[in-house]
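Contents: one structure, followed by commentary.
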Amino acid sequence: MDKFELILIIGVSISILLFILTIVSLIQFIFVKKKIKELTLSKPKNRKKRKRWKKEKRLAENQKSKKMRYVLFSLLATLIIGGGTGYAKYYQATTISDQDTDNIVYGYFLLEQIEQQIKNIDKQDDKKASENIHTLAISLSSFASKKGSDKSVEEAQILLNQYYARIGQFGINISSQNIEALKKDEEKQKEYLNDIETVKKTQKKVINYYKINESSLKEKK
């Protein structure tokens, strides 16, 4: 458990306690208000009893004002701390670490590059095509060992790990491909291009989840 998660737990706990305090104070306020109403209806005619009645009613009214302040204070505190905790949770869920950001930018670049290499494989000699695709494939395969940041929420971590696994597996698959044979096999080329599209769909989910500007990724590639 990191500090951020500890803060979230404390925030949630305080919000729950404040909410309970709000409910308790509200119940007490209702009882005091009811007591004042009963006192108002039971105003004594006897002067001695009326003096005691006035004192009791004044204390009840002071109590009513105090309970009302408690209700307003605890309700406001609940909204502030609860809202802050909710925003912190949202921020944690939609904020990506610097390392994962770098990985996504690099993965985006590699996928675009290897897709272009496969599409234009007939326009290059075997040696150049082999060197380019092999270099890109090795870089892609390194994603297989990457894991989503531990600071991410479970949903984000699963999504990132899925993306890293798919892009890494694609790199492993194509790294062992004979480029000369690939140039002659259009079906295999289509298969690899389809695999790239599959990886890109997962990549798109990551981009949408973190609200990453895809135009900025295209500029960096």
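This one's a predicted model, so the numbers in the text were calculated from it and none came from an experiment. Sequential numbering from 1 along the given sequence is applied to the chain's residues.
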Gap between atom [atom2] of [Y] and atom [atom1] of [X] - 0.5 Å precision:
X	Y	atom1	atom2	value
I36	E56	CD1	CD	10.5 Å
Y210	L160	OH	CG	4.5 Å
I104	Q99	CD1	CD	11.0 Å
S42	K37	OG	NZ	12.5 Å
I121	K184	CD1	NZ	11.5 Å
L136	S141	CG	OG	11.0 Å

Is [X] linked to [Y] within one hydrophobic cluster, defined over Ile, Leu, Val, Met, Phe, Trp and Tyr using a side-chain heavy-atom separation of less than 4.5 Å?
X	Y	answer
L18	F29	no
I172	I118	no
L193	L182	yes
Y70	I81	no
F19	L75	no

For [X] and [Y], work out which heavy atoms get closest and say how close.
X	Y	answer
V199	R166	CG2-O, 3.8 Å
A60	V32	O-CG1, 3.1 Å
S175	I138	CB-CD1, 4.4 Å
I114	A137	CD1-N, 4.2 Å

Is it true that [Y] and [X] share a donor-acceptor pair across their side chains at a distance under 3.5 Å?
X	Y	value
Y192	Q177	yes
D185	Q189	no
Q117	Q124	yes

A quick test of your reading: do over 12 heavy atoms of other residues, nucleotides or ligands sit less than 6.0 Å from [atom1] of [X]?
X	atom1	result
K183	NZ	yes
E186	CD	no
D98	CG	no
K200	NZ	yes

Keeping [X] on the side-chain end and [Y] on the backbone end, is there a donor-acceptor pair under 3.5 Å?
X	Y	result
S130	K127	no
N178	A181	yes
N161	G148	yes
S145	S142	yes

Where do Q28 and Q63 land on the side chain to side chain contact (heavy atoms under 4.5 Å, CB included) test, with the steps shown first?
CA-CA 9 Å; Q28 290 175 338; Q63 217 175 9; over 6 Å; no
Start with the C-alpha distance between L39 and W53, add both sets of side-chain angles, then the distance that settles side chain to side chain contact (heavy atoms under 4.5 Å, CB included), and finish with yes or no.
CA-CA 8 Å; L39 285 169; W53 172 84; 3.8 Å; yes
Residue pair K66, N62: steps toward the side chain to side chain contact (heavy atoms under 4.5 Å, CB included) verdict
CA-CA 6 Å; K66 188 183 290 185; N62 289 338; over 6 Å; no
For Y163 and F143, take the angle between the two ring planes, folded into 0 to 90°, and tell me which bin it lands in: parallel under 30, tilted 30 to 60, perpendicular over 60.
perpendicular
Using the side-chain contact (heavy atoms from CB on, under 4.5 Å) definition, which of the options K205, K211, Q203 pairs with I207?
Q203
If the test is side-chain contact (heavy atoms from CB on, under 4.5 Å), which one of I20, T22, L26 qualifies with V24?
I20
State plainly whether the residues K64 and E61 are in salt-bridge range, i.e. N to O under 4.0 Å.
no
Could you walk me through whether D100 and Y164 satisfy the side chain to side chain contact (heavy atoms under 4.5 Å, CB included) test, starting with their C-alpha distance in whole Å, then the side-chain angles of each, then the deciding distance to 0.1 Å, before giving a yes or no?
CA-CA 10 Å; D100 286 320; Y164 294 156; 2.6 Å; yes
Working note: E197 + K201, criterion salt bridge (Lys or Arg N to Asp or Glu O under 4.0 Å); need CA distance, chi angles, decisive distance, verdict.
CA-CA 6 Å; E197 287 304 312; K201 285 179 181 178; over 6 Å; no
